[in-house]
Structures are given as C-alpha cells and as structure tokens.
Asks: 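Sharing a structure, written as structure tokens. Questions coming.
Whatever order the structure lists them in is the order used to number ligands and atoms, beginning at 1.
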Amino acid sequence: MGKTGTVYLVGAGPGDPDLLTLRAARLLERAELVVHDGLVDRAVLALASPQAELISVAKSRARHTLPQDAINALLVREALAGRDVVRLKGGDPLVFGRGGEEAEACRDAGVPVEIVPGISAANGAAAAAQIPLTHRDASSVVSFVAGQCKGLSEQDWSGLAGKGRTLVIYMGVKTAPQIAEKLMADGLAPDMPLAVIENAARPSMRVLRGPLAALPDLVVQQRVKSPALIVIGEVTSRDDVAVAQFAEMAA
Ligand code: SAH
C-alpha cells in the first residue's frame, strides 16, 4: 500500500484573502486537491496552485450538491489513495463548519488530519464594522448561536442576550422574524440595539442597524441576503454612525 495523504481542514476566513493565515496560504499554494464550500470567496480560491484540482461541494438553497456523508467519504477516499486534501471552509472550520464531523470521519478511517483555524465571520464582521464583541463598559460575554439549527423553538437561548452581553447569530437571515420574537418573549427589550452585517470583509459589505423590534422589517426592506450575521447588544451602538443609524431605524 502507498502512503496515506493528509486531510487539512482549513479556515478560509470571511472573504478577503488578506485575512487568511500564512499556514492556509502556504497549503493552498502547494495543494494538489482543494475541496471547498460555496462560502469560500473566489479571491481565496485564486491563491490555489494552478495545478490543483478544485472540487466544489457548495450547498445551494435549492439543492444540496453533496450531502455531508458524501463529503466525508470523498475526503477519506482521496487521502487513502495517497493525495493530500485541502478542505477549505468559510470562516473557521470548527465554528458551524462541520469541521468536527469531517475530522471524526478521517480519524475513524485512519487518515491523518490537521486543522488550520480561520477568522470566523463574527471576528471578521466585528473588525470590519468596528463593533467590539466585548467592551469593558458594555459587554463581558459573547455567544455564537446558529439561527437555523433544527427548530428554533427547541433551542434555549435564555440569558445569552441582554444587558452586558453580546449575541452573534449565524445563519439567521431567513429566521430573523422568529429570532426577534423569541428574544423579546424571553424578556429582551424591544429597543435593544443590533447590527446586521452582510458580506463582511468583502467589497459588497453592508452594516445595518436598528432596534430589536425592527429586525424583521430591516431584513425585508433592506433585502438582506446570506451570508449575514446579526449582532445583538449595546456594543453595536457605541459610535456616532451607529447611534445615528439606530435613531433613524427606531423612528
Ligand atoms: N465556519 C463559518 C460559518 C459557517 S455557517 C465561520 O466560522 O464563519 C454560515 C454562516 O456564516 C452564514 O449564514 C453567515 O451567517 C455567516 N457568514 C459567513 N461568512 C460571512 C460573511 N462574509 N459575512 C457575514 N456573515 C458570514
């Protein structure tokens, strides 16, 4: 038997190639095979070696091109055949990226795995929009939640948002109305400030702000599209721009 390849689970960050780690850039430069998600920006893929084979396992809303089991099987098969695989994922592989499942599948098959962290959307968006996720005067807790995981109603979000806390919601554009309703039912003030950051760290980035109660309207009126994050908490309304935008939306 020949040598087994290694699977590298690599974070591609939120979009801007300058936000890749050096490790990620170096692995891409010498890659033979890159298996990537739809979220990975084209500018990042452009850094892959011209000889590399690129396979997209993008999930579109209409259809799942490859179910997770098939992705796991693909990684394992290629590695067992002796190829190193760069498995490139948006943001960080271990934040809502199923990196844990892919690593498990590799370990179960005896395939060596290395995980290369990436800048998660929350960190990329916070920096690009200049929103501190924590702040000595405004927040000492930050939570990341999935807005779309197996039935929103089953999730217990109590205590995650509110005074002195920051809540970052991934995958929450479609469920924004239910999210606002759920948080207010849990006792969050309707005028709690929030920001929606669409296409963070990309040229098309937008930062929209308003009170929690206006979230459903904000998403519809501004035609917010995925990928976007919803950040809820006082940290989103600390600078002058934020205060002005918030007042406009609250009016
Ligand atoms: N592993 C990724 C998250 C994958 S889940 C990470 O660590 O960032 C996909 C969700 O991430 C999207 O629905 C969106 O909420 C968020 N997201 C990813 N890239 C983004 C970007 N450039 N701007 C805003 N949100 C983004």
Side-chain angles (χ1 to χ4, degrees), residues 8-21 23-24 34-45 56-62 64-66 68 71 75 86-103 113 115-131 133 142-150 152 155 157 160-161 166-180 194-209 215 218-219 222-233 235-236:
Y8 298 91
L9 300 177
V10 179
D16 182 346
D18 277 3
L19 296 180
L20 285 173
T21 60
R23 181 79 180 137
V34 179
V35 177
H36 66 91
D37 288 343
L39 258 184
V40 175
D41 204 276
R42 259 183 303 170
V44 171
L45 293 177
S56 167
V57 291
K59 295 188 190 81
S60 73
R61 216 180 324 153
H64 289 251
T65 313
L66 268 189
Q68 189 61 46
I71 297 174
L75 302 178
V86 174
R87 171 70 176 112
L88 199 57
K89 295 169 163 294
D92 181 85
L94 301 180
V95 177
F96 305 125
R98 302 196 184 171
E101 293 172 43
E102 293 176 13
V113 193
I115 303 182
V116 180
I119 294 182
S120 192
N123 299 102
Q130 302 198 2
I131 294 170
L133 293 176
V142 53
S143 309
F144 297 171
V145 305
Q148 209 191 24
C149 256
K150 300 177 183 162
L152 206 51
Q155 282 171 290
W157 288 11
L160 296 186
T166 308
L167 182 62
V168 182
I169 303 164
Y170 287 67
M171 299 174 280
V173 174
K174 267 196 289 178
T175 47
Q178 292 95 295
I179 288 171
L194 63 78
V196 176
I197 304 135
E198 183 188 65
N199 283 313
R202 297 175 181 181
S204 53
M205 175 170 94
R206 288 198 296 169
V207 183
L208 309 163
R209 314 198 198 227
L215 176 63
L218 183 78
V219 166
Q222 300 291 328
R223 296 195 168 81
V224 176
K225 300 239 159 44
S226 182
L229 286 181
I230 303 167
V231 182
I232 300 180
V235 289
T236 63

Asks: Considering only protein heavy atoms, which is closest to atom 1 (N) of ligand 1, and at what distance to one decimal place?
Replies: Val95 O, 2.7 Å
Asks: If we only consider heavy atoms of Gly90, is any one of them less than 4.0 Å away from an atom in ligand 1?
Replies: yes
Asks: Not counting sequence neighbours, which residues clear side-chain contact (heavy atoms from CB on, under 4.5 Å) with Ala128? List them please.
Replies: Met205
Asks: For ligand 1, is any non-hydrogen atom under 4.0 Å from Asn199's backbone (N, CA, C, O), its side chain (CB onward), both, or neither?
Replies: backbone
Asks: Give the residue, atom name and distance (to 0.1 Å) of the protein heavy atom nearest atom 23 (N) of ligand 1.
Replies: Ala200 N, 2.8 Å
Asks: If you count every heavy atom of other residues, nucleotides or ligands that lies below 6.0 Å from Gln130 atom CD, does the total exceed 12?
Replies: no
Asks: At a non-hydrogen distance cut-off of under 4.0 Å, which region of Leu39 contacts ligand 1 (side chain, backbone, both, or neither)?
Replies: side chain
Asks: Please list, in number order, the atoms of ligand 1 under 4.0 Å from a heavy atom of Pro14.
Replies: 22 (N)
Asks: Begin from the C-alpha positions of Val173 and Val219 and carry the test side-chain contact (heavy atoms from CB on, under 4.5 Å) through to its verdict.
Replies: CA-CA 7 Å; Val173 174; Val219 166; 4.1 Å; yes
Asks: Students should be able to answer this: which protein heavy-atom is nearest to atom 13 (O) of ligand 1, and at what distance?
Replies: Met171 CG, 3.3 Å
Asks: Would you please name every residue forming a ring-ring contact (aromatic ring centres under 6.0 Å, His included) with Tyr8, sequence neighbours left out?
Replies: none
Asks: If you have a sec, work out which protein heavy atom is nearest atom 7 (O) of ligand 1 and how many Å separate them, to one decimal?
Replies: Ser120 OG, 2.6 Å
Asks: Starting from atom 11 (O) of ligand 1, locate the nearest protein heavy atom and write down its residue, its atom name and how far away it is, to 0.1 Å.
Replies: Tyr170 CD2, 3.4 Å
